[in-house]
A.B. asks: 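I have a structure I would like to understand better, so I am pasting it below and will then ask my questions one at a time.
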Amino acid sequence: GEFDPDKYDRMVRFQLGASPTRFEAFVRMDMQREAMITLLVGGLDITESEFLFHQKATGEKVDLEFATLDASTASGLVKADPASVTPWLAANQEKVAAFYKDNNARFNKAERVRIHGIQFRAANRARLEGEKDAAEKAKLQKERDDARAKAEAAHTALSAALVAAPAADSAAPEASDAKSNTAEAAGESGAKKIVDLAAFEAAAKEQSEHSQTKDLGGLFGEARDRERLGRYPFGKEVVDPVFALEAGQMTGVIEVDTGFWIVRLDAKLPAEVKSLEDAQMEIATELYRTEEGEKLKKTLADELLAKAKAAADKPLSEAVATLNTARGAAEGEGITTSQTGLFARMQAGAYGPAGKTGEVPSLGAAPELAKAAFKAGPDNPVLDGVFEIDGGKRLVVARWAAQEAAPELDGEAKSAIREKLLRQKQRLVYRAWYEDLLKKAIADGRVEAEDSWNTYLDQARRAYIEAGGQLAPEKQLKPEGASGS
């Protein structure tokens, strides 16, 4: 214990990078700041009315059944017969041509395959080839050799369980340079053999190391053209062998950068080419319905609200079904309903500006809808009005479904909530005082922004804009002409 001025001096200079005078001035200033904070917030408390408001705002919950209408939803209820679409097409040729150009892959598709696959992972081939350490290289090579052995054993087992192909598929496959990677077998009669799908899926579930498809029995849901098949997780080595197969056949063991694959061809889809002339009516119908859907959505929302109020004791889904039928919605199209699940006015533990209100599950920010939800109940279940969200892009009709009262709290729980609310209240009061002090100092020209601060602000602005945000009119930290100090 004794104070050693020499050790103190060395510690401040070499560990903190400051002189004792500067360090002590900083500590003195920090003590003054803490004293000011204590003076500002020390006498604050949470009143009973504040606590009760918080308990109600975070404890009471409501569940809504709702229907959302946007241009896309409404487009399914737009009647788009040739008599309506043809004149629209004549007046909007440029829109149709632009849509065709922007969605070329939808109308012009290369030959594609649907496949199942079994992966046997191994050390990356590029890593193996670039490894300089002999022992590590040998370890990586053994890993690849072991993976190959596992793949070949699996392939042998699958080849022993081939079945006769259906008669329609019995034509012999075309010759290919990739034939060495194609597993074919013929019985004594010369009939073509294929891999039983159930057996291949069982092998994939047991042995495949491709996590995304293992539980699906190796199924890749997306049809792939040559370019797509040649990318990860496969590789260019897989393309020719797979496209040389006929439906039901499997490749041999194919080595790629990440290991080895065995692939079964489920189906081969022919190339599709549709010219603008052939596609224009399809495109025009889609664009016409979307355009008219934007105009129709408010009418549909008003109609749905009226039907819901006329049968207020019935679920909103019944009013939706009635409207869909009346509007001639095709199966899978038209309006649908969803549930929000129970939600409160405000997030638990929040206070004042920190307490964000108006958030509705599945819908986002919808303050008017949230307010109306807590006014509804069993006697007046249909919320009064059509609610706009996302700046009017979506319209919502909603019905009260259930409600939950705020829970009873014991003394310990109340104390914990009060303490959390008090801390938030103290932070808000201090923040308000600090921001007011800073604002006055800036106005008096007593604050000067350093380059590092301006750089930070510029980066924050760019990140905010790139994320889709819009900035308010820019305010200068230091007014023009202020000398600063």
Side-chain angles (χ1 to χ4, degrees), residues 112-128 136 138-166 168-170 173 176 178-187 191-226 228-269:
R112 289 148 293 141
V113 289
R114 294 193 181 278
I115 59 172
H116 279 69
I118 305 175
Q119 182 186 42
F120 300 85
R121 296 188 68 85
N124 189 279
R125 190 161 50 186
R127 181 186 171 195
L128 172 63
E136 183 65 21
K139 179 182 175 182
L140 297 175
Q141 182 61 60
K142 184 178 185 308
E143 185 179 329
R144 286 193 73 87
D145 291 343
D146 289 347
R148 182 193 294 275
K150 286 170 59 180
E152 289 175 346
H155 188 270
T156 299
L158 286 168
S159 297
L162 298 177
V163 297
D169 294 327
S170 62
S176 168
K179 191 172 182 179
S180 61
N181 267 330
T182 302
E184 296 181 42
K192 187 185 74 176
K193 299 283 188 173
I194 64 172
V195 184
D196 179 65
L197 179 58
F200 194 93
E201 288 183 336
K205 288 179 179 179
E206 181 182 349
Q207 301 181 68
S208 181
E209 294 173 287
H210 187 252
S211 58
Q212 293 94 325
T213 59
K214 179 181 177 70
D215 292 340
L216 300 173
L219 172 64
F220 286 81
E222 175 193 5
R224 296 168 180 246
D225 59 19
R226 285 178 171 271
R228 180 70 183 87
L229 186 62
R231 288 191 264 140
Y232 182 86
F234 299 106
K236 63 182 185 299
E237 299 90 342
V238 173
V239 177
D240 287 341
V242 170
F243 273 85
L245 299 175
E246 292 186 27
Q249 292 181 327
M250 71 176 174
T251 66
V253 174
I254 304 174
E255 183 173 8
V256 298
D257 286 343
T258 55
F260 302 87
W261 280 96
I262 301 171
V263 181
R264 180 189 190 274
L265 178 68
D266 301 333
K268 193 176 289 182
L269 307 179

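On a predicted model such as this, the values are computed, not experimentally measured, just so you know.
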A.B. asks: To the nearest 0.5 Å, what is the distance between CG on Leu229 and CD on Glu237?
C.D. replies: 11.0 Å
A.B. asks: Suppose we screen for side chain to side chain contact (heavy atoms under 4.5 Å, CB included). Which residues come up paired with Asp225, at least two apart in sequence or across chains?
C.D. replies: Ala110, Arg112, Glu227, Arg228
A.B. asks: Please report the shortest heavy-atom distance between Ile194 and Gly248, naming the atom on each side.
C.D. replies: CB-O, 3.4 Å
A.B. asks: Please test Asn124 against Thr258 for side-chain contact (heavy atoms from CB on, under 4.5 Å), starting from the C-alpha separation and ending with a verdict.
C.D. replies: CA-CA 5 Å; Asn124 189 279; Thr258 55; 4.2 Å; yes
A.B. asks: Specify the closest pair of heavy atoms between Gly117 and Ser208, including all atoms of both residues, with the distance to one decimal.
C.D. replies: O-OG, 4.2 Å
A.B. asks: Can you name the closest pair of heavy atoms from Ala203 and Leu158 and give their distance?
C.D. replies: CB-CD2, 4.1 Å
A.B. asks: Would Lys150 and Asp146 pass as an ion pair if we require N to O under 4.0 Å?
C.D. replies: no
A.B. asks: Going through the checks in order, is the side-chain contact (heavy atoms from CB on, under 4.5 Å) test met by His155 and Met250?
C.D. replies: CA-CA 9 Å; His155 188 270; Met250 71 176 174; 3.5 Å; yes
A.B. asks: To the closest 0.5 Å, what do you measure between CG (Leu162) and CD (Gln249)?
C.D. replies: 9.5 Å
A.B. asks: Tell me, with the steps shown, if Val238 and Thr251 meet side-chain contact (heavy atoms from CB on, under 4.5 Å).
C.D. replies: CA-CA 9 Å; Val238 173; Thr251 66; 6.0 Å; no
A.B. asks: Does this structure show an ion pair linking Glu136 with Arg127, if we count only N-O contacts that are shorter than 4.0 Å?
C.D. replies: yes
A.B. asks: Apply side chain to side chain donor-acceptor pair (under 3.5 Å) to Asp215 and list each qualifying residue two or more places apart in sequence or on a separate chain.
C.D. replies: none
A.B. asks: Just jot down the side chain to side chain donor-acceptor pair (under 3.5 Å) partners of Arg144, sequence neighbours excluded, or say none.
C.D. replies: Glu255
A.B. asks: Looking only at heavy atoms, what is the nearest atom pair of Pro241 and Ile254, with distance?
C.D. replies: CB-CD1, 3.9 Å
A.B. asks: To the nearest 0.5 Å, what is the distance between CZ on Phe260 and CD on Glu209?
C.D. replies: 11.0 Å
A.B. asks: Supply the atom-to-atom distance Ser159 OG to Glu152 CD, rounded to the nearest 0.5 angstrom.
C.D. replies: 11.0 Å
A.B. asks: What residues form a side chain to side chain donor-acceptor pair (under 3.5 Å) with Thr213, not counting sequence neighbours?
C.D. replies: His210
A.B. asks: Dump the intermediate steps for side-chain contact (heavy atoms from CB on, under 4.5 Å) on Asp240 and Arg226, then the final yes or no.
C.D. replies: CA-CA 8 Å; Asp240 287 341; Arg226 285 178 171 271; 2.9 Å; yes
A.B. asks: Asp145: what forms a side chain to side chain donor-acceptor pair (under 3.5 Å) with it, not counting sequence neighbours?
C.D. replies: Gln141
A.B. asks: Measure from the side-chain N and O atoms of Arg114 to the backbone N and O of Gly221, and report whether any donor-acceptor pair falls under 3.5 Å.
C.D. replies: yes
A.B. asks: If you compare all heavy atoms of Leu269 against all heavy atoms of Ala223, which two are closest, and at what distance to 0.1 Å?
C.D. replies: CD1-CB, 3.8 Å
A.B. asks: Measure across His116 and Asp266 and return the closest heavy-atom pair with its distance rounded to 0.1 Å.
C.D. replies: ND1-OD2, 2.6 Å
A.B. asks: Can you tell me how far apart CZ (Arg264) and CG (Leu197) are? Round to the nearest 0.5 Å.
C.D. replies: 4.5 Å
A.B. asks: If the condition is ring-ring contact (aromatic ring centres under 6.0 Å, His included), which residues does Phe234 pass it with, not counting sequence neighbours?
C.D. replies: Phe220, Trp261
A.B. asks: Would you give the length of the straight line joining atom CD of Glu206 to atom NZ of Lys214, rounded to the nearest 0.5 angstrom?
C.D. replies: 8.0 Å
